[in-house]
There are 2 protein chains.
Amino acid sequence: MHEPLTLGFVDELRPIPEATVARLPLYLRSLLELATDRTSTISSERLAAMAGVNAAKVRKDLSYLGSYGTRGVGYDVEHLLFEMSRELGLTRDWSVVIAGAGNLGQALAGYGGFGERGFPVVALLDTDPAKVGQTLADVPVCHLDELPSLVEAHHVTIGIIATPATAAQEVADRMVEAGVGSILNFAPAVVNVPDEISLRKVDLAVELQILSFYQQQRTGSLLPDGDALPAS
Amino acid sequence: MHEPLTLGFVDELRPIPEATVARLPLYLRSLLELATDRTSTISSERLAAMAGVNAAKVRKDLSYLGSYGTRGVGYDVEHLLFEMSRELGLTRDWSVVIAGAGNLGQALAGYGGFGERGFPVVALLDTDPAKVGQTLADVPVCHLDELPSLVEAHHVTIGIIATPATAAQEVADRMVEAGVGSILNFAPAVVNVPDEISLRKVDLAVELQILSFYQQQRTGSLLPDGDALPAS
DNA sequence: ATGTGTGAATCGGTTCACAGCC
DNA sequence: GGCTGTGAACCGATTCACACAT
């Protein structure tokens, strides 16, 4: 029984838990707010309140980045902001393409939040000849076949899938083939990618169905006929 | 303040783990696919492959719903579909309002996926007088002040927040006040709601930042100067 | 006195492995 | 023989609680 020697690739030798990684952007957002407020120092307690988590979690999470706090005082906002941005890889831009120039794809392209936060959208991709060549939300619509050259020209690292479910796997395959290293999938379909590619998914209908479950639990037994709450 | 030890409300006496609830919609999707294929029976192994999880997880998850499988055979697709729909509360429609008639709100309203799956969007809400009164993507745009009457008239149970971050908490408060029981928040802000309200969040920028982290880990050490592959 | 950093305890969820039923 | 259902083992993540630094 031998360890598969630090599996994967080299990696720096700090194993930041996945759950922590998922929260770092929350802290980052809070820190940015504090920075514009000219707040110079923040305690785990207050940062926790801002990020919507508890203080113990904040301290443990931040400790994975290093010992950037000062006992009895708190964390220096600027310094923490810097270290966290570095850790998250936000000291540079990461170019993005969005596959699927439909409703959702266009909205995502037009959603200011991306470019501003260091994720410039370099193209929308579609196969519909009526769409290719247009510029929607300031983003050129290219044919999906252009993917490899776009990736090369703009050093695209992230692909967003906003196509119908049926096209999702095909598009993902082509993204991986073209050299995209990370994929965010909005299509309601399971997509498979090689282990070395990062994949996250957001399924809007699934989110509603989860809410439906809990709603059902609360109202279900009381209201067989699906009417609203009786005024308490 | 009458909190019985079994926290919350009565509930049926099976405690379906949160992680399981979040996967049920995935199974549901797979089962719907199977049903249209006229497949009558499915093993945990095959269902797992379709849903992108492993077989042990499928069996444990499904066992929370009841013993609906047949040893040596598998699960009856139709029956499982029925039970799962019931459990998820999908035997009835749940009306939805979307706050924020901007880019994202409009896209969500136009996203066919919702209405089709039992979540009719009854209104977009905004405070911009230029938008109120229009019909976008077949959905009427109403003033946010209309929220209480809309909730009452259409038995709205789910609110989607697609406003700027600054408006999110205010909108959430008004939704809760109006009687909405579940909220899906797309705004990049932490919103607080009472314990009895279900809240889920989807933050697009956060998703990209998480991908950025892992991308960084892989390429980071190799490319001190922040440029991409030394092609060209 | 205050608030971080972190081992230790705990919890929820996943995986294993096999008994039980078809 | 094949596949489900489920205790038991395991693993990652959360929470606790306190020593330690300022």
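Everything numeric in this text was worked out from a predicted model, so none of it was measured. Computed from heavy atoms alone, side chains included, the values below leave out hydrogens, waters and symmetry copies. Letters go in sequence order (proteins before strands), and every chain restarts at 1.
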5'-most contact on DNA chain C: A:Gly66 or A:Gly72, nearest heavy atom basis?
-> A:Gly72

Send over the distance from A:Asp76 CG to C:dG3 C1', rounded to a whole Å.
-> 15 Å

With no hydrogens and no angle check, do the side chains of B:Asp61 and B:Thr20 hold a donor and an acceptor under 3.5 Å apart?
-> yes

What integer distance in Å separates B:His79:NE2 from D:dT4:P?
-> 15 Å

Salt-bridge present (A:Glu177, A:Arg174; N to O < 4.0 Å) = no

From CG of A:Leu65 across to P of C:dG5 the rounded distance in Å is 10 Å

Report the C-alpha distance between A:Ile160 and A:Leu108 in whole Å, list the side-chain angles of each, state the deciding distance to 0.1 Å, and finish with yes or no for side chain to side chain contact (heavy atoms under 4.5 Å, CB included).
-> CA-CA 9 Å; A:Ile160 297 180; A:Leu108 293 174; 4.0 Å; yes

Would you kindly give the CG-to-P distance between A:Leu62 and C:dT6, to the nearest whole Å?
-> 12 Å

Roughly how many Å is it from CG in A:Leu80 to C1' in C:dT4, rounded to a whole number?
-> 13 Å

Gap between atoms CG and C1', on B:Leu47 and D:dG2 respectively (whole Å) = 17 Å

In the 5'-to-3' direction, what one-character label does each nucleotide of nucleotides 8-18 of chain C receive under the scheme B = base within less than 4.0 Å of a protein heavy atom, S = sugar-phosphate only, - = no such atom?
-> B----SSB-B-

Please confirm whether any donor atom in the side chain of B:Arg71 sits under 3.5 Å from an acceptor in the base of D:dT4, or the reverse.
-> yes

With sequence neighbours left out, the residues meeting side chain to side chain donor-acceptor pair (under 3.5 Å) with B:Ser85 are none

Indicate whether the side chain of A:Arg200 and that of A:Ser182 have a donor and an acceptor atom separated by less than 3.5 Å.
-> no

Would you indicate, yes or no, if D:dC3 has its OP1 or OP2 atom less than 4.0 angstrom from a side-chain nitrogen or oxygen of B:Ser44?
-> no

Side chain to side chain contact (heavy atoms under 4.5 Å, CB included) assessment of B:Leu62 paired with B:Tyr27 = CA-CA 9 Å; B:Leu62 296 187; B:Tyr27 303 139; 4.2 Å; yes

